[in-house]
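Here's the structure we're looking at; comments come further down.
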Number of protein chains: 2
Amino acid sequence: MTSKPDAAPFCVLLVDDDHDVLGANARYLRIEGFEVVVANSADVAFERLHERDVDAVITDLIMPNTPGLAFAQKLRFSHPLLPIVFFSGHASVPDVVNAMRLGAVDFLEKPIDPEVLLKTLTDLRDRYERTAVVERTAFMPDETSAGTVSFRTRVLAYEKFIIEASLEEHEGSVAKVIDALKINRRTLNEKMVRLGIRRSGDSA
Amino acid sequence: MTSKPDAAPFCVLLVDDDHDVLGANARYLRIEGFEVVVANSADVAFERLHERDVDAVITDLIMPNTPGLAFAQKLRFSHPLLPIVFFSGHASVPDVVNAMRLGAVDFLEKPIDPEVLLKTLTDLRDRYERTAVVERTAFMPDETSAGTVSFRTRVLAYEKFIIEASLEEHEGSVAKVIDALKINRRTLNEKMVRLGIRRSGDSA
DNA sequence: TAAAAATCGGCAAAAATTTGCCGACGGACG
DNA sequence: CGTCCGTCGGCAAATTTTTGCCGATTTTTA
């Protein structure tokens with residue numbers, strides 16, 4: 001409904017080889033308060049990704065040069081937790097299956113209903129807000145080497161994410177988290193310290 | 001091609017409300033060397049699951065009483081890593097998306113091509129052979145854990161994902177993965193064994 | 001205000017993971 | 001052939017993590 005230009009700039013990377021559609025969607029999303037970066041090919045998309053942090057990627061499954069899946073695959077690797085949403089005109093079941101396997105968040109059908117797109121992104125923004133943070137803090141000390149995130153780092157980032165998410169879900173109740181995650185209290189504690197997780201309150 | 005009744009008994013739970021189809025598929029799979037348990041409803045399926053350990057579940061998406069998705073959802077609870085394969089006649093994109101979100105391994109289209117089914121299961125067998133072990137050690141043996149997926153399980157699943165992705169990205173080159181993930185060769189090896197990851201090459 | 005419920009951290013034993021070293025194997029290549 | 005390269009696995013030591021136990025504090029609840 002209300003589209004408020006949030007304080008938190010949620011940045012969406014829109015990838016589509018159809019210039020018109022791309023422009024239209026971008027415009028629409030911008031009006032709705034999203035920050036939008038566009039790309040008309042996978043290559044350009046990667047350039048954009050290097051230039052700045054995006055919070056979600058919306059991409060056409062079928063593009064001239066790079067198949068959308070190959071694109072997603074590379075993306076998955078450099079940005080493990082980055083939400084990807086596909087859309088396509090006549091997607092076959094296997095297409096959808098493969099897309100989801102690559103960790104797609106959703107798969108929309110073309111032509112895209114603006115309402116649906118908006119809802120998808122809004123949900124995403126709400127749900128994945130902190131994920132981006134995790135990525136940013138835990139990943140790549142310097143942004144030069146996008147691909148060289150160590151295994152350990154990624155896993156730790158994920159652990160952190162899980163715990164923080166669960167913590168939030170249970171309104172900061174450690175006890176509930178322990179129960180939900182089936183993790184030893186002591187262990188959870190250790191991890192929180194190690195990963196620098198603080199309850200509800202914040203920095204400083 | 002050659003289907004050898006393996007020493008390792010891979011047990012498949014086949015769920016379909018169509019008696020004839022169910023029987024036919026079961027027979028076929030048995031001939032191909034799988035151990036098959038059948039159920040014509042979600043309820044029966046759960047009974048079977050309590051009776052014995054199965055390694056994979058193949059289920060129709062649309063069934064009279066329980067919608068396949070609801071079934072999968074319950075299943076996800078009790079068996080977070082248990083591979084589920086769906087099949088359906090006229091699945092919509094959203095259907096597939098939801099199925100995959102619930103962690104479906106694959107989504108086949110009805111009528112099922114025996115060849116495809118067989119291949120799917122064979123791959124599954126190869127890939128998930130050892131995963132069962134992980135599952136067993138990863139979370140409570142008891143079904144008391146009705147609620148959630150344990151922290152450990154989730155992390156393991158993620159580790160598995162990272163490794164498999166990297167492996168795929170580097171066309172199965174362990175050396176490259178070691179370099180990319182900055183992980184000790186020995187460690188990577190251990191994890192692959194523990195998580196049941198096999199290199200691109202495949203079946204027996 | 002007292003009792004009950006939640007958190008947190010120190011410590012040390014127990015358990016699990018990681019890593020280095022060594023030898024082996026199969027394939028590609030000169 | 002003989003070698004080099006990439007992979008694998010056994011073993012044991014080095015490390016890291018997980019857990020249990022105890023007691024101290026803080027927050028809620030009755």
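Owing to the predicted nature of the structure, the values given are computational and were not obtained by experimental measurement. Proteins come first, then strands; the chains are lettered A, B, ... in the order of their sequence lines, and each starts at number 1. All values below come from the heavy atoms of this structure, side chains included, with hydrogens, waters and symmetry mates left out.
In this structure, the side chains of A/Val15 and A/Leu13 come closer than 4.5 Å at one or more pairs of heavy atoms.
Residues passing the salt bridge (charged side-chain N to carboxylate O under 4.0 Å, His left out) test with A/Glu190 are A/Arg186, sequence neighbours excluded. By the side-chain contact (heavy atoms from CB on, under 4.5 Å) test, A/Val193 is found to be paired with no residue, residues two or more places apart in sequence or in another chain being considered. For A/Pro114, the side-chain contact (heavy atoms from CB on, under 4.5 Å) partners at least two apart in sequence or on another chain are A/Tyr28. When the side-chain contact (heavy atoms from CB on, under 4.5 Å) test is applied to A/Val21, the partners found at least two apart in sequence or on another chain are A/Asp16, A/Asp18, A/Asn25. Scanning for side-chain contact (heavy atoms from CB on, under 4.5 Å) contacts around B/Lys176 gives B/His170, B/Ser173, with sequence neighbours left out. Taking the side chain to side chain donor-acceptor pair (under 3.5 Å) definition, one finds that A/Glu159 meets it with A/Lys191, sequence neighbours left out. For A/Phe87, there are no ring pair (Phe, Tyr, Trp, His ring centres under 6.0 Å) partners, not counting sequence neighbours. Legend: residues meeting side chain to side chain donor-acceptor pair (under 3.5 Å) with A/Asn189, ordered by chain and number and at least two apart, are absent.
Formation of a donor-acceptor pair under 3.5 Å by the B/Arg48 side chain with backbone atoms of B/Val37 is not found in this model. Although no hydrogens or angles enter the test, the distance criterion places no donor-acceptor pair under 3.5 Å between the side chain of A/Ser166 and the main chain of A/Ile162.
Computed from coordinates, the A/Lys176 NZ to C/dA6 P distance equals 9 Å when rounded to whole Å. With rounding to whole Å, A/His170 atom NE2 is found 14 Å from C/dA6 atom P. Distance A/Ile183 CD1 to D/dT17 P: 13 Å, rounded to the nearest Å. As a whole-Å value, the separation of A/Leu156 CG from D/dT16 C1' is 12 Å. Taking atom CD1 on A/Ile178 and atom C1' on C/dC8, their separation rounds to 11 Å, with Å as the unit. Distance A/Leu167 CG to C/dC8 P: 9 Å, rounded to the nearest Å. In this structure, CG of B/Leu188 is placed 13 Å from C1' of D/dG6, rounded to the nearest angstrom. Between A/Asn189 atom CG and C/dG10 atom P the separation is 10 Å, expressed in whole Å.
Between B/Ser173 and D/dT7 there is a side-chain polar atom (N or O) within less than 4.0 angstrom of OP1 or OP2.
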Practice item. Indicate for each nucleotide in nucleotides 12-18 of chain C, in 5' to 3' sequence, whether protein heavy atoms under 4.0 Å reach the base (B), only the sugar-phosphate (S), or nothing (-). Key: -----SS

Would you list the protein and nucleotides 25-27 of chain C atom pairs, both N or O, that sit under 3.5 Å from each other?
none

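An end-to-end axis angle of 40° holds for the helix from C/dT1-D/dA30 to C/dG30-D/dC1, taken from five base pairs per end and rounded to 10°.
Nearest to the side-chain atoms of A/Ala175 among the listed nucleotides C/dA6, D/dT7, C/dG9 stands C/dA6.
Put simply, the side chain of A/Arg185 and the base of D/dG20 share no donor and acceptor less than 3.5 Å apart.
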